[in-house]
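Side-chain atoms are counted along with the backbone in the values below, which use heavy atoms only and exclude waters and symmetry mates. These numbers were taken from a predicted model, which means no experiment stands behind them.
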Amino acid sequence: MSRFVEAFASQLVAGGMSRMPARVFAALLASEEGVMTSAELGEQLQVSPAAVSGAIRYLTGFTMVSREREPGSRRERYRVHRDQWYEMLTNREGLLRRWELTLREGIATVGPDSRPGRRIAETLEFFAFVQAEFGAVMDRWRKHREELFGED
């Protein structure tokens with residue numbers, strides 16, 4: 001399992017994720033229940049509690065994992081969900097809208113007929129296109145997932 005964790009973490013790092021969050025995410029993904037405590041993560045990955053804590057903060061910020069209380073304990077455990085990719089991408093929709101607003105301001109600032117204005121407009125159009133297609137793609141994914149794996 002540790003070979004998979006390190007290999008997948010390396011791929012996530014190559015895609016832009018920080019190394020420790022990538023390792024923690026891969027460890028959770030590969031765990032039997034998809035749930036681990038900070039101590040379990042630290043032991044498996046041979047890292048400090050502070051490293052795990054920082055990685056969890058990063059991953060919860062991107063809705064890739066969630067925190068929950070261990071039943072009957074004050075300890076927290078961290079869970080990777082079945083639909084983490086869906087949730088992560090869905091939560092980016094608000095970010096895309098904010099980018100669109102800033103891009104529109106940029107076009108107004110530099111002028112729509114200027115070279116920078118046209119480049120910014122093309123970027124804006126790309127994000128508008130992705131946003132328009134996103135809902136349909138997520139609907140198709142939910143149906144596809146249910147056909148393959150059933151409901152939760």
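Rounding to the nearest 0.5 Å gives a distance of 8.5 Å between CD of Glu40 and OG of Ser31. Distance CD/Glu32 to CE/Met1: 8.5 Å, rounded to 0.5 Å. Atom CZ of Arg77 and atom OG of Ser66 lie 9.5 Å apart (nearest 0.5 Å). In this structure, OG1 on Thr37 lies 8.5 Å from CD on Glu43, to the nearest 0.5 angstrom.
In the hydrophobic clustering of ILVMFWY residues, with side-chain heavy atoms under 4.5 Å counting as a link, Val13 and Val65 come out apart. Leu41 and Val35 sit in two unconnected hydrophobic clusters of ILVMFWY residues. Membership requires side-chain heavy atoms under 4.5 Å apart, directly or through other members. Note: the hydrophobic cluster containing Leu28 also contains Phe62 (ILVMFWY, side chain heavy atoms under 4.5 Å, direct or indirect links).
Nearest heavy atom pair, residue Gly117 against residue Ile107, reads O-CG1, 3.9 Å. Scanning both residues, Pro21 and Leu59, for their nearest heavy atoms gives O-CD1, 3.5 Å.
Taking the side-chain contact (heavy atoms from CB on, under 4.5 Å) definition, one finds that Arg115 meets it with Arg118, Arg119, sequence neighbours left out. When the ring pair (Phe, Tyr, Trp, His ring centres under 6.0 Å) test is applied to Phe126, no partner is found at least two apart in sequence or on another chain. By the ring pair (Phe, Tyr, Trp, His ring centres under 6.0 Å) test, Tyr78 is found to be paired with no residue, residues two or more places apart in sequence or in another chain being considered.
Applying the side-chain hydrogen bond (donor to acceptor under 3.5 Å, both in side chains) definition to pairs two or more places apart or across chains, none involves residues 101-110. Among residues at least two apart or in separate chains, ring pair (Phe, Tyr, Trp, His ring centres under 6.0 Å) pairs with a member in residues 3-39 are Phe4-Phe8, Phe25-Trp85. Applying the side-chain hydrogen bond (donor to acceptor under 3.5 Å, both in side chains) rule to pairs touching residues 10-27 yields Glu6-Arg19, Glu6-Arg23, sequence neighbours excluded.
In this structure the side chain of Arg69 reaches within 4.5 angstrom of the side chain of Glu76, judged on heavy atoms. Side-chain atoms of Tyr58 and Met20, non-hydrogen and from C-beta on, never get closer than 4.5 Å to each other. At a threshold of 4.5 Å between non-hydrogen side-chain atoms, the residues Leu45 and Val5 count as touching. Taking 4.5 Å as the limit, some side-chain heavy atom of Met64 sits within range of a side-chain heavy atom of Met17.
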(request) Evaluate the criterion side-chain contact (heavy atoms from CB on, under 4.5 Å) for residue pair His144 and Trp141; output intermediate values, then yes/no. (result) CA-CA 5 Å; His144 179 72; Trp141 162 247; 3.7 Å; yes
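Between the side chain of Ser53 and the backbone N or O of Pro49, no donor-acceptor pair lies under 3.5 Å.
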